Amino acid sequence: MNVPKSVAIIMDGNGRWAKAKGMPRTYGHVQGAKVVEQICEDAYNLGIEYLTVYAFSTENWSRPSDEVEALMKLLRDYMKNCIKRASKNNMCVRVIGDKSRLDKDIQKSIADLEEATKDNTGLHFTIAINYGGRDEIRRAACKIAKKVKDGELKEEDITIESFEKELDTFGLKDPDLLIRTCGELRISNFLLWQCSYSEIYITDVAWPDFNKDELIKACEAYSNRTRKFGNVL
Ligand code: IPE
Ligand code: IPE
Ligand code: MG
């Protein structure tokens, strides 16, 4: 099997999964968060080198405030525990998205986590929080505009490569494979620039039920694709 080196996942379906069990949506988020840790290990053991997951979108703020609060609490706990796990698994962890809107203590945990794991040589694990592809491109454009204004960059030097340097994902590998769980056929503002030529795999399995076998199925489907551009196999 030709395993994708870089995989991105839209972890969707926590709410529907919980509802089907007669439980509150937040129960689905709690279970979904537990799956992430295992998938990181499975991904690395399969030969995946970069894994990027969508945890909270710029649009997710418009959910009911109690759900947003529950998600922020989960993220807060996740960031704190992640340092230990990342050290054990040798993962290099990074957070993409506009962190400035997050509570200060979460920002601090993220900074500590990124600093503590930056030299780890295992899986490059990236978590998208308050992330939106359009917002990321907008922020990059602002940085470019400032550089041009300050005379640090000439207009003719704005290339694909120089633009990419200003994206949150700079230094990471564009996804070879984009997985979305729970059946929706859309990108929902995730990695718009980076997924230009990613292969897309959508499964009906909800995120809390996603496991190693499902990941292998996605990789097998990928392995049977004929790619264009991107990382042509
Ligand atoms: C994905 O599950 C988790 C987040 C977006 C934070 P959802 O909460 O979107 O669950 P569904 O799609 O409503 O089932
Ligand atoms: C995408 O899922 C965002 C995350 C997984 C964090 P959503 O459930 O928020 O996306 P839509 O609303 O179905 O497009
Ligand atoms: Mg959803």
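Values reported hereafter were calculated over all heavy atoms of this structure, with side chains retained and with hydrogens, waters and symmetry mates removed. All of these numbers come straight from a predicted model, not from anything done at the bench. Numbering of residues begins at 1 and proceeds along the displayed sequence. Each ligand, and each atom within it, is numbered from 1 in the order the structure gives.
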**Q** Among the N/O/S atoms of D12, which is closest to the Mg ion (ligand 3)? Give the atom name.
**A** OD1
**Q** With the threshold set at 4.0 Å, does a side-chain nitrogen-carboxylate oxygen contact exist between K217 and E220?
**A** no
**Q** Check whether any side-chain heavy atom of F163 lies under 4.5 Å from a side-chain heavy atom of I137, and answer yes or no.
**A**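 Sidechains of I137 and F163: in contact.
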**Q** Mind checking whether D12 and T181 have side chains closer than 4.5 Å, heavy atoms only?
**A**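 They are in side-chain contact.
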**Q** Between ligand 1 and K19, can you find any atom pair, the residue atom being a heavy atom, that is separated by under 4.0 Å?
**A** no
**Q** If hydrophobic residues (ILVMFWY) are linked whenever their side-chain heavy atoms come closer than 4.5 Å, directly or via other members, who joins F170 in its cluster?
**A** none
**Q** Side chains of D112 and S109: donor-acceptor distance under 3.5 Å anywhere?
**A** no
**Q** Please determine, by modelled atom types, if D42 and Q38 share a side-chain donor-acceptor pair under 3.5 angstrom.
**A**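 Looking only at side-chain atoms, Q38 and D42 do form a donor-acceptor pair, the distance falling under 3.5 Å.
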**Q** Can you produce the list of protein nitrogen or oxygen atoms under 3.5 Å from a nitrogen or oxygen of ligand 2, alongside each distance?
**A**
from     : atom 1 : to   : atom 2 : distance (Å)
ligand 2 : 8 (O)  : D12  : OD1    : 3.1
ligand 2 : 8 (O)  : R63  : NH2    : 3.2
ligand 2 : 9 (O)  : N60  : ND2    : 2.9
ligand 2 : 9 (O)  : R63  : NH2    : 3.2
ligand 2 : 10 (O) : R180 : NH2    : 3.4
ligand 2 : 10 (O) : S188 : OG     : 3.4
ligand 2 : 13 (O) : R180 : NH2    : 3.3
ligand 2 : 13 (O) : R186 : NH2    : 2.8
ligand 2 : 14 (O) : R186 : NE     : 2.9
ligand 2 : 14 (O) : S188 : OG     : 2.6

**Q** Quick check with a 6.0 Å cut-off and a 45 degree axis cone: is R85 positioned over the face of Y78's six-membered ring?
**A**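 Satisfied, under 6.0 Å and within 45°.
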